[in-house]
Amino acid sequence: MEKPILWIVIPCYNEQEVLPITAPLFRDKVLELVGNGKISEKSRVLFVNDGSSDDTWKIISDLSREDDHYLGISQSRNRGHQNALLAGLMEAKDKCDVTISIDCDGQDDINAMNEMIDRYHEGCEIVYGVRSSRQTDTWFKRTTAQGFYKVMNKMGAETIYNHADYRLVSARVLEHFADFKEVNIFLRGMFPLVGFKSTCVEYERAERIAGESHYPLHKMIKLAIEGITSLSTKPISMITRFGFFCVFLGFIGIIWAIVMVFLNMTVAGWASLACITLFIGGVQLLSLGIIGEYIGKIYLETKQRPRYIISDRTWDEKED
Ligand code: UDP
Ligand code: MG
């Protein structure tokens with residue numbers, strides 16, 4: 001069997017501090033795997049610049065000029081991690097046999113790639129990198145992140161526990177994945193839908209080598225809402241069920257009120273009435289908001305705008 005060509009796909013947004021440190025690590029990993037005879041020497045490291053405002057793209061172009069193992073593409077503007085990764089994967093799928101996506105900050109243990117490639121050779125087409133512990137994250141990040149997965153699953157957006165976007169995917173799966181045309185993308189929840197033989201590989205997550213996280217709490221909440229509303233309609237059915245429950249309570253209340261009138265025991269319950277009105281009003285607003293989220297999604301989907309726009313490629317530069 002011919003050795004598979006591996007492309008490591010790495011989204012980068014304002015990563016000038018960390019990129020010069022981690023880029024050689026990725027290249028060395030490719031060289032090591034080539035040396036072990038597990039992958040073809042045509043394997044590459046592909047950086048996706050997500051419209052960075054710092055020197056990230058300059059660093060990527062310099063790297064690609066100095067060493068053929070590095071390639072880069074640039075998005076025309078910042079579109080977010082998921083779109084950047086999608087751009088890289090779609091670019092890679094025609095040029096390689098298997099991809100591994102990973103963040104560029106060195107938090108995910110690149111040594112897990114050996115095991116991922118082994119699993120690939122055993123016939124797995126998707127291998128999910130799963131964090132075995134979160135010792136190095138702060139208590140706050142750890143708890144919020146774990147809450148994130150729990151809420152996601154409860155809401156019907158099935159995701160693999162503690163799996164982010166460190167993942168091996170074969171070009172064959174990507175070929176089918178390209179048929180998922182939605183613009184609201186949440187990759188880690190979508191790959192399980194493609195199917196094919198898959199497995200998990202555990203690794204320890206380290207601290208960021210340099211630079212700062214781009215995923216503070218508010219972005220995590222946004223990602224969770226994005227994930228839930230683009231993968232599941234469970235929140236809408238929960239609203240319906242809650243609505244039925246409220247109607248049922250109201251019905252009991254009416255019966256109770258009538259009985260009280262007949263017993264001549266009317267109470268001065270203005271305060272409680274006001275509370276209930278407020279509560280129901282709040283529930284209605286929240287429900288409208290959730291339904292609005294879905295309508296907004298439908299609106300965005302009907303536009304069918306491009307999911308990514310690539311403005312530069314390092315290999316185009318070289319041909320000039
Ligand atoms: N990233 C990106 N576009 C963005 C934000 C982040 O391409 O708008 C990249 C970033 O460069 C990194 C990865 O996505 O490679 C994960 O981001 P980060 O490390 O900041 O998130 P965390 O690991 O803290 O969740
Ligand atoms: Mg990170």
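Counting begins at 1 with the first residue of the sequence. Since we're looking at a predicted model, the values are computed, not measured. The basis for the numbers below is simple: all heavy atoms, side chains too, and nothing from hydrogens, waters or symmetry mates. Note that ligands are numbered from 1 as they come in the structure, with each ligand's atoms numbered from 1 the same way.
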Of the listed options I10, D50, N49, closest to atom 4 (C) of ligand 1 (non-hydrogen atoms): D50
Shortest protein contact, atom 24 (O) of ligand 1 (heavy atom only): S213 OG, 2.5 Å
Contact (N/O only, under 3.5 Å) between C104 and ligand 1: yes
Distance from atom 19 (O) of ligand 1 to nearest protein heavy atom, with residue and atom: D105 OD2, 2.6 Å
Pairwise side-chain contact, V183 with Q304, heavy-atom cut-off 4.5 Å (strictly under): no
D118 and K38 ion-paired at < 4.0 Å: yes
Atom 20 (O) of ligand 1: the protein heavy-atom neighbour that sits closest, reported with distance to 0.1 Å: H214 N, 2.4 Å
Location of contacts on R79 toward ligand 1, heavy atoms closer than 4.0 Å: neither
Nearest neighbour in protein (non-hydrogen) for atom 2 (C) of ligand 1: Y13 CB, 3.3 Å
Protein heavy atom at shortest distance from atom 15 (O) of ligand 1: P11 O, 2.8 Å
T56 versus C12, closest heavy-atom pair with distance: CG2-CB, 3.8 Å
Check: Y166 ring centroid to Y203 ring centroid under 6.0 Å: yes
Polar atom proximity, K219 to ligand 1 (N or O, under 3.5 Å): no
Shortest protein heavy-atom distance from atom 10 (C) of ligand 1, along with the residue and atom involved: E15 OE2, 3.2 Å
Nearest candidate to atom 16 (C) of ligand 1, where distance is taken over non-hydrogen atoms, out of D103, I102, D165, V48: D103
Salt bridge (Lys or Arg N to Asp or Glu O under 4.0 Å) between E115 and R119, intermediate numbers included: CA-CA 6 Å; E115 213 183 321; R119 294 291 101 80; 3.0 Å; yes
Residue part near ligand 1, for H81, under 4.0 Å between non-hydrogen atoms: both
T99 and K93, any side-chain heavy atoms less than 4.5 Å apart: no
Protein residue, atom and distance nearest to atom 18 (P) of ligand 1, heavy-atom basis: R208 NH2, 3.5 Å
Pair E202-N162, side-chain donor/acceptor within less than 3.5 Å: no
Distance (rounded to the nearest 0.5 Å) between Y308 OH and L85 CG: 11.5 Å
Ring centers of F245, F248 separated by less than 6.0 Å: no
Nearest non-hydrogen protein atom, atom 21 (O) of ligand 1: Y215 CD1, 3.2 Å
D105 atom (N/O/S) at minimal separation from the Mg ion (ligand 2): OD2
Heavy atoms from other residues, nucleotides or ligands near CE of M190 exceed 12 (cutoff 6.0 Å): yes
Region of N78 engaging ligand 1 - heavy atom pairs below 4.0 Å: side chain
